[in-house]
Amino acid sequence: MGGVLYVDLFSDNLAKLDDHISYFKKLGLTYLHLMPLFAVPKGDNDGGYAVSDYRAINPDIGTMEELSKLAAALRDEGISLVLDFVFNHTSDEHIWAQKAKSGDPDFMAYYYAYPDRELPDQFQKYLRDIFPTVRKGSFTWCEEMKRWVLTTFNSFQWDLNYSNPEVFRAMAEEMFFLANQGIEVLRLDAVAFIWKRLGTNCENQPEAHTIIRAFNAMTKIVAPCLLFKSEAIVHPDEVIQYIHRDECQLSYNPLLMALLWEALATREVKLLEYSMRNRYPTPAGCTWVNFIRCHDDIGWTFDDQDARNVGIDPVAHRKFLNKFYTGDYPGSYAKGVPFQFNADTGDVRISGTFSSLAGLEDAIEKKDNELIEQAVRRVNLLRSIQVSIGGIPLLYIGDEWGMLNDYTYLTDPGKVNDSRWVHRSRKRWNAREDLTDQDTLEWRFFHEMVELFNLRKKLPALQNGGMEIIHTENPHLFGYNRAFKDQKILIINNFSEKPQKMDALHLNACGVKRDVVNLINNEILSSGSDLVLNGHQSVWLDIS
Ligand code: GLC
């Protein structure tokens, strides 16, 4: 079980984080990802992703000594510490960038820096704008250096040039420094972008894989317990390429995330079922990190041909999903906020918390208990799939209390242009008392979730088993089998708010041969009867 949080927003600083280890234990976490906490420029620093020093912690958050002590304390409690390895770029205040600015040719060669527009213009033809509302184009003029610098993300994030072996060597040193602090998993930030080739979009180049393999080969010698997690939020054909024992043993699963939201909006599971059947398996010794929400936006990264194969027009469908999740579609319950609308292409992505996207904010505003109940059920449905389909479930801390959108970023000049801050809010510890009151939504979210986590821990099939998608013969029901040794569990999830049925004959063909128990509520489904699921219900049938 994984959890991810911003230290400053969760506990102000590293020293106070120590006091919350019991909270992580209560949640059942065995993996804790701290969002980037390194030294960064003041003001906008892309949420910590513009690193000025990989060996120094942001002084507002703490010290490196505190971090390594925390790593040890977490390990004593069976929790692995996960940190970012932001190796595609540094901030423009990193010592390497400063030396480059001062004209040192060795350090100018760490970056892609050009005296005129000739090469930048050639590169630019094929590059996409990652943050189109912030700026156009991927090069930034640096007056001190009198050079155009490649800056794929923000203008203050300078892309490192891995065709210079010195860059690889220098970053390897930073990586080992982190490993020595007791970090067990490194999240390879923006991994798809690390190799640039003129005449391409500079994403997913073969050399990116070579570089990860090289980093890996070295860690196998001197830090053999270190694992890599891929953060490749790209086309699913490319995502899978980074997953390998010798590359990233773990990977975010952006496709499952996007398609869970897709199925929730359409109430139909055909694209989810089709894509998961064909795209779920990972190489031996590797697994997915399954998330519903994270600190970033939601992009609809499904494959166009997969969509067409199930009768969906991919372009129109993405438009529909964007409208639906920004609440601009009849009957939509979602309170998403558009992120990075691109006027040239019409593309946009979605920000917003799990609960606000699932309808809770809207329901609370309308003071409608029936709608609140529906929103809670949607959250529990996605959660149930996240913890049962296979891989490491990753909880975005705050969601365990049903965190809603926080619009205060609109008044902060360092955040106002980045709607992702709507779902990165301060932990409301003052609401903690609500956890003791069984009538609160916080209590319900927390306890229903922890119960599910605990149940999962008791079921080897859910932790180690293979996953096989089954066709339920009902367009609203998403089903799969998990099996390990002699344990077999059939999981069926209803994406409609109305009751849905799976008939007895078909259930029998899917392995229900006798009376079986639904492990979530201990109800018995008697042999020979149809399975009727309530709206948004999920059942885990023990068919061992
Ligand atoms: C990754 C991070 C994102 C950041 C980007 C640039 O995609 O998740 O938050 O903006 O890298 O570092």
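Nothing here was measured: the structure is a model prediction, and the numbers come from that model. Heavy atoms only: backbone and side chains are in, while hydrogens, waters and symmetry mates are out. First listed ligand is number 1; within each ligand, the first listed atom is number 1.
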**cation_pi(R117, W148) dist<6.0 Å, angle<=45** = yes
**Asked** What is the nearest protein non-hydrogen atom to atom 11 (O) of ligand 1, stated with its residue, atom name and distance?
**Response** D189 OD1, 2.9 Å
**Prompt:** Would K427 count as a cation-pi partner of W429, with NZ or CZ less than 6.0 Å from the six-membered ring centre and within 45° of the ring normal?
**Reply:** yes
**Atoms of ligand 1 close to R187 [distance to a heavy atom under 4.0 angstrom, numbered from 1]** = 2 (C), 8 (O)
**Asked** Got the closest protein heavy atom to atom 10 (O) of ligand 1, with its distance?
**Response** D46 OD2, 2.7 Å
**Asked** For atom 7 (O) of ligand 1, which protein heavy atom lies nearest, and how many Å away is it?
**Response** E231 OE2, 2.9 Å
**Prompt:** Does a side-chain N-to-carboxylate-O contact under 4.0 Å join D104 and K99?
**Reply:** no
**Asked** For ligand 1, which atoms have a heavy atom of R420 less than 4.0 angstrom away?
**Response** 3 (C), 9 (O), 10 (O)
**Request:** Please determine if D296 and R424 form a salt bridge, counting it only when a charged side-chain N lies under 4.0 Å from a carboxylate O.
**Result:** yes
**Prompt:** If you draw the axis of the six-membered ring of Y333, does the NZ or CZ of R378 fall within 45° of it and under 6.0 Å from the ring centre?
**Reply:** yes
**Message:** Within the 4.0 Å heavy-atom shell around H89, which atoms of ligand 1 are there?
**Reply:** 6 (C), 12 (O)
**Message:** Please confirm whether M35 approaches ligand 1 to less than 4.0 Å, judged on its heavy atoms.
**Reply:** no
**Complete:** The protein heavy atom nearest to atom 8 (O) of ligand 1 is D296 OD2, 2.4 Å
**Carboxylate-amine/guanidinium proximity below 4.0 Å for D8 and R426** = no
**Prompt:** Salt-bridged, R169 to E166, with N to O below 4.0 Å?
**Reply:** yes
**Complete:** The answer for which part of F131 has a heavy atom under 4.0 Å from ligand 1 is side chain
